[in-house]
Amino acid sequence: MRLFAVILTLALVLTACAVPASAPAPEPEPLPQPLLASPDLPQRQRAAALPHTLWRQDPEARQAAIQSLPLVIEGICIDNYVTGMTLVVFDAWGTVYQQSCGYAVVETGRYADEDTIYRIASISKAVTAMLALDLAGQGRLDLDGDLTEIMGVPVRNPLFPDQPITPRHLLTHTSGIVDSSAYGDGISAFPIWPLERVVSRSFSPYAPGSRYSYTNLGMGMMAGVVESAAGEWFPDYTRREIFAPMGIDAAFGYSDIQHKDRVANIYTGTGLSVYMPSWQGMMGKYTALPLGQLYGLGHGDLFITAADLSRFARILAGCPQPGEPVKLTPELLRQMQTVQYEEEPTPESYTEIKRGLGTHITDQLVANRRMVGHQGNAYGSICGMFVDPADHTGFVFLTNGAWGGKDEAGLYYVNRDIARAVYAALFTPPGESVEPAEGSIAVTEAEDAPQALVEAEPAP
């Protein structure tokens, strides 16, 4: 069976690789003072002289860098049993590289390409965080407000009834809320269970702000927080105020996608995991919840192309396109880009934990870079979106099926290898390594990873 899987994967990838973008990149234009990862740094008016931009000014180096990537990327996809994927890489001036490989729909032979719409799993959390911070910057949401008042139901840990739980706690996974069996039962039910019934049974024995515990329920509740601040249902708000002004076909829910023929199925190994047309009715069951009490969709149900998601990645990197509807103040962007909660490795923990507001922060993805973003894993798909705010570079890598192995730092191998290949080819001076030094992080064996660090979602 393993031999058959390898042969099938080789056939899929090698017969279905789209041509990467190789047109000459436009000449850099002066940047409008991109936002920074740290307010202590000077304004980056010297961006055009940064080492990673030198390849833009040398046509031969540019072409060599672009031509070096396709086979490397294909090899990584083969090694990680990728069914279909799209990769987009950008710097401060825009997209510098794109590539698609494999199949969006194996059964019909439809190739993955730049128009393929993927369900991006937990990367949705970073986008939901941006929406919340956008509202906070407008003065419509208090990140340190009491969720009980914001959501209209009691959101208090019974062991710590006098300690409010806030949106900031949700965004850093330190609320004390966990993905309990009640959450799994509630989100699987039709109609979906009321928020109060679920959250009252989903607390850990830790006080708010005292302990990290990755939770889909907690970040799903941020959709309800956005509803309360915006004054309308989360899918309606995102469609009308975010995606329509951006001119993109994206939605928190399959049923709101206009071009459903572009949506990729999801695969586990060589088997079909999610037949997307069956996702059609998923959004309907959430309509029974009162406004402000949604705890689904925002945690993992965003459907979007890699190119359109890269626009959100550019916002996170501090180099948004002009006129984007999501606008983050410098301070709130800094809080997404920098560590807001941290736990050092212990004999009981899996790895270091560094969290911004709605983001995963790591020093282990690419050497000498602190990368900010999020991973995704659901039903067989593995996805990654990471940026380096210091020089406004980043990538979006979406798949509809891949091997889910992780390294010692908790990074999916396929995400890690794609990141290092991209940065080695496009953003790293010759002779410099993109692999962090061995022993730079204390870890235990990967098999001992606690459930709290698993990105996957329960089946709705």
message = Using every non-hydrogen atom in the two residues, find where Thr359 and Met336 come nearest and quote the distance to one decimal.
response = OG1-O, 2.6 Å
request  = Using atom types as modelled and distance alone, determine if a side-chain donor or acceptor of Asn265 lies under 3.5 Å from a backbone N or O of Met276.
outcome  = yes
message = What I want to check is whether the side chains of Ser213 and Thr215 have a donor and an acceptor closer together than 3.5 Å.
response = no
ask   = Can Tyr118 and Thr86 be counted as having a side-chain donor-acceptor contact under 3.5 angstrom?
value = yes
query = Counting only N and O atoms by type, is there a donor-acceptor contact under 3.5 Å from the side chain of Asn80 to the main-chain atoms of Ile76?
reply = yes
ask   = Among side-chain atoms of Gln258 and Asp249, is any donor-acceptor pair under 3.5 angstrom?
value = no
ask   = Checking Thr238 side chain against Phe234 main chain: does a donor-acceptor pair fall under 3.5 Å?
value = yes
ask   = Does the separation of the ring centres of His392 and Phe90 fall below 6.0 angstrom?
value = no
query = Any side-chain heavy atom of His360 sitting closer than 4.5 Å to one from Gln375?
reply = yes
request  = Determine the minimum heavy-atom distance between His374 and Gly358, stating which atoms define it.
outcome  = CD2-O, 3.6 Å
task = Check the side chains of Lys125 and Thr128 for a donor-acceptor pair under 3.5 angstrom, ignoring hydrogens and angles.
result = no
inquiry  = Can you classify the ring geometry of Trp279 versus Tyr379 as parallel (below 30°), tilted (30 to 60°) or perpendicular (above 60°)?
reply    = perpendicular
query = Does a donor on one side chain and an acceptor on the other come within less than 3.5 Å for Thr108 and Tyr103?
reply = no
request  = Could you pull out the closest heavy-atom pair between Gly300 and Ser124, with the gap in Å?
outcome  = C-OG, 3.2 Å
Side-chain donor-acceptor contact under 3.5 Å, Tyr111 with Thr116 = no
task = Given side chain to side chain contact (heavy atoms under 4.5 Å, CB included), test Val88 with Tyr97 step by step and report yes or no.
result = CA-CA 6 Å; Val88 175; Tyr97 184 84; over 6 Å; no
query = Are any of the side-chain nitrogens in Asp407 or Arg416 under 4.0 Å away from the carboxylate oxygens of its partner?
reply = yes
request  = Say whether Tyr183 and Asn216, considering side chains only, have a donor N or O and an acceptor N or O under 3.5 Å apart.
outcome  = no
query = For the residue pair Gly356 and Ile361, what are the closest heavy atoms and their distance?
reply = N-CD1, 3.6 Å
task = Step through the shown structure and confirm whether more than 12 heavy atoms of other residues, nucleotides or ligands are within 6.0 Å of CG on Asp142.
result = yes
Exercise: identify the closest heavy-atom pair between Val387 and Ala313 = CG1-O, 3.5 Å
ask   = Under a 4.0 Å N-O cut-off, is there an ion pair linking Lys354 with Glu343?
value = no
task = Please state whether the rings of Phe243 and Phe312 are parallel, tilted or perpendicular, taking 30° and 60° as the class boundaries.
result = perpendicular
request  = Taking all heavy atoms of Ile257 and all of Lys260, pick out the closest pair and write down the distance.
outcome  = O-NZ, 2.7 Å
query = Do Asn415 side-chain atoms and Cys383 backbone N/O form a donor-acceptor pair below 3.5 Å?
reply = yes
message = Side chains of Tyr423 and Arg369: any donor to acceptor distance under 3.5 Å?
response = no
key: Arg168 and Gln335 side chains, donor-acceptor separation under 3.5 Å   = yes
query = Would Arg239 and Asp236 pass as an ion pair if we require N to O under 4.0 Å?
reply = yes
ask   = Should the pair Arg370-Asp388 be classified as a salt bridge under the 4.0 Å nitrogen-to-oxygen rule?
value = no
query = If you measure from the Lys or Arg side-chain nitrogens to the Asp or Glu carboxylate oxygens, is any gap between Glu342 and Arg355 under 4.0 Å?
reply = no
task = Examine distances only and state if a side-chain atom of Tyr413 and a backbone atom of Lys406 form a donor-acceptor pair shorter than 3.5 Å.
result = yes
